[in-house]
Amino acid sequence: MSRHVAIVTDSTAYLPRQTRERHAITTVPLTVVIGDRALEEGTEVSAKALVEALQKKRPVTTSRPSPEIFAEAYREAAEAGANGIVSLHLSAEVSGTYDAAVLAAKEAPVPVRVVDTRMMGMALGFCVLASAQVAEAGGSLDEAVAAAEKRAEGTSAYFYVDTLDHLRRGGRIGAAQALLGSALAVKPLLELDGGRIELREKVRTASKAIARLEEIAVERAGAGPVDIAVHHLSAPERAAALADRLGERVPGMGELHVSEVGAVIGAHTGPGLLAVVVSPR
């Protein structure tokens with residue numbers, strides 16, 4: 001599909017395949033390294049394989065795409081007829097993906113606007129969709145960027161993890177915060193704040209933490225039109241139950257997505273992750 005403005009994102013947006021195809025969104029994969037094997041997220045490594053590796057205590061790390069991979073994506077978009085590209089990515093606070101895209105954009109055959117959404121998961125995905133919808137309607141490069149940035153400003157992401165150890169090992173949360181959670185034997189609730197993963201609240205039990213996660217999401221959603229995503233890792237029943245309750249309690253519910261995160265985010269959160277993205281329209 002050729003159009004005025006093309007949309008590129010990365011694999012941590014976790015957009016459903018049908019949605020990516022419908023909106024002609026190009027996805028550049030991040031890499032998960034399990035042991036000595038480097039595997040592309042979304043095509044070469046599954047969430048299930050990641051969980052098995054973590055449970056076996058195998059070393060797991062993640063890495064950004066190379067600038068060359070982005071350069072190829074931009075070149076293909078230009079060859080398909082785009083005369084401008086919006087490239088939307090997960091927070092630069094937690095990944096070098098944005099930096100790699102910026103490097104590639106300098107050599108692209110058409111103008112490329114690289115956006116650090118300061119988001120991840122469907123918090124990034126909703127920004128990508130907002131930009132794609134403007135592009136499809138014939139909007140300019142600036143208008144497509146503005147749509148994504150506006151969506152990002154209003155979007156919030158909250159999540160529960162069984163342990164902070166994975167985030168600590170990956171350097172995504174401070175050692176002091178992780179040790180505090182372990183020492184007090186609490187269940188942490190976290191949020192994305194300025195593109196960083198921050199500890200929001202400490203709750204005594206998993207059940208209370210999940211109940212509190214629901215309350216925070218309902219409060220944040222309010223009564224206006226809002227899209228919501230529920231993510232999980234190896235906790236499908238818990239995610240489905242939370243999504244059902246949110247569907248009953250959020251009066252302005254638009255789209256409601258329920259999905260398992262991929263291996264990149266999963267590598268840093270560990271099994272048991274439960275997350276809610278609240279994105280007002």
Side-chain angles (χ1 to χ4, degrees), residues 5-16 19-20 23-28 30 64-65 70 73 84-102 105 111-137 139-159 172 190-198 200 213 216-217 219-222 224-231 250 252-257 259 261-262 264-265 268-269 275-281:
V5 175
I7 307 298
V8 175
T9 188
D10 61 70
S11 58
T12 68
Y14 300 137
L15 288 162
T19 300
R20 297 196 308 268
H23 296 286
I25 296 164
T26 298
T27 300
V28 174
L30 275 74
R64 72 179 192 178
F70 277 114
I85 300 168
V86 182
S87 198
L88 301 142
H89 301 292
L90 81 161
S91 174
E93 295 283 348
V94 299
S95 171
T97 300
Y98 168 81
D99 294 330
V102 169
V112 179
R113 295 282 297 279
V114 184
V115 180
D116 173 11
T117 66
R118 295 179 173 263
M119 298 289 161
M120 63 184 76
M122 273 302 296
L124 166 59
F126 286 132
C127 298
V128 174
L129 287 175
S131 190
Q133 287 160 1
V134 168
E136 287 168 354
S140 68
L141 193 60
D142 286 344
E143 289 169 337
V145 169
E149 291 178 338
K150 182 178 180 181
R151 195 68 185 255
E153 287 172 7
T155 297
S156 302
Y158 311 99
F159 51 110
R172 267 57 179 191
L190 304 122
E191 66 180 328
L192 279 178
D193 184 3
R196 296 180 299 276
I197 297 168
E198 301 287 359
R200 179 184 173 100
L213 180 65
I216 292 170
E219 291 166 11
R220 178 69 185 86
V226 63
D227 296 322
I228 288 180
V230 176
H231 287 309
V250 176
M253 182 73 77
E255 294 183 20
L256 175 59
H257 295 261
S259 65
V261 298
V264 168
I265 289 182
H268 296 291
T269 62
V276 181
V277 174
V278 181
S279 186
R281 293 190 171 183

Participant: Would the distance check show the side chain of S279 and the main-chain N or O of D227 forming a donor-acceptor pair, the cut-off being under 3.5 Å?
Facilitator: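 The answer is no, because no donor-acceptor pair under 3.5 Å joins these two groups.
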
Participant: Got a sec, which residues hit side-chain contact (heavy atoms from CB on, under 4.5 Å) with P111, two or more places apart in sequence or on another chain?
Facilitator: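 Counting only residues at least two positions away or on another chain, P111 forms a side-chain contact (heavy atoms from CB on, under 4.5 Å) with L141.
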
Participant: How many angstroms lie between OG in S91 and CE in M120, if you round to the nearest 0.5 Å?
Facilitator: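 If I round to the nearest 0.5 Å, the distance is 6.0 Å.
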
Participant: Working to the nearest 0.5 angstrom, can you tell me the gap between L124 CG and Y14 OH?
Facilitator: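 Between atom CG of L124 and atom OH of Y14 there are 10.0 Å.
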
Participant: Just by distance, no angles: are the side chains of D10 and T12 close enough, under 3.5 Å, to form a donor-acceptor pair?
Facilitator: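 Yes.
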
Participant: How long is the gap from CG on L90 to CG on L30, to the nearest 0.5 Å?
Facilitator: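 Answer for the CG-CG pair, L90 versus L30, is 6.0 Å.
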
Participant: As an exercise, state the distance from OG1 of T155 to CZ of R118, rounded to the nearest 0.5 Å.
Facilitator: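 Separation between the atoms: 14.0 Å.
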
Participant: For R151 versus P280, what's the shortest heavy-atom pair and its separation?
Facilitator: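 So the minimum-distance heavy-atom pair works out to NE-O, 3.3 Å.
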
Participant: Quick one: are R64 and F70 in side-chain contact, heavy atoms under 4.5 Å?
Facilitator: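 With C-beta onward as the side chain, the pair stays apart.
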
Participant: Between CD of E153 and CE of M119, what distance do you get to the nearest 0.5 Å?
Facilitator: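 Taking CD in E153 and CE in M119, the distance rounds to 9.0 Å.
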
Participant: Minimum heavy-atom separation for S131 and V86, please, with both atom names.
Facilitator: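 Here S131 and V86 meet closest at OG-CG1, 3.8 Å.
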
Participant: Specify the closest pair of heavy atoms between F159 and L192, including all atoms of both residues, with the distance to one decimal.
Facilitator: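 Smallest heavy-atom distance, with atoms named: CE2-N, 4.4 Å.
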
Participant: Pair R113, D142 - check side-chain contact (heavy atoms from CB on, under 4.5 Å), show working.
Facilitator: CA-CA 8 Å; R113 295 282 297 279; D142 286 344; 2.5 Å; yes

Participant: Taking all heavy atoms of V264 and all of H268, pick out the closest pair and write down the distance.
Facilitator: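 That closest heavy-atom pairing would be O-CD2, 3.2 Å.
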
Participant: Considering non-hydrogen atoms only, spot the tightest contact between L88 and I7 and give its length.
Facilitator: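 Scanning both residues completely, I find the closest heavy atoms to be CD1-CG2, 4.0 Å.
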
Participant: Can you tell me if T117 uses its side chain to pair, donor with acceptor, with the backbone of H89 under 3.5 Å?
Facilitator: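 Confirmed, T117 side chain pairs with H89 backbone.
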
Participant: How long is the straight-line distance from CD of E255 back to CZ of R281, given to the nearest 0.5 Å?
Facilitator: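 If I round to the nearest 0.5 Å, the distance is 5.5 Å.
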
Participant: Go through the structure and list residues passing side-chain contact (heavy atoms from CB on, under 4.5 Å) with S259, not counting sequence neighbours.
Facilitator: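 Expected list: H231.
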
Participant: With sequence neighbours left out, write down each residue that passes side-chain contact (heavy atoms from CB on, under 4.5 Å) with R200, or none if nothing qualifies.
Facilitator: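 With sequence neighbours excluded, R200 shows a side-chain contact (heavy atoms from CB on, under 4.5 Å) to Y158, E191, I216, given in chain and number order.
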
Participant: Counting only N and O atoms by type, is there a donor-acceptor contact under 3.5 Å from the side chain of R20 to the main-chain atoms of L15?
Facilitator: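 Checking the backbone N and O of L15 against the side chain of R20, a donor-acceptor pair under 3.5 Å is found.
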
Participant: Taking all heavy atoms of D116 and all of A92, pick out the closest pair and write down the distance.
Facilitator: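 For D116 versus A92, the nearest heavy atoms are OD1-N, 3.1 Å.
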
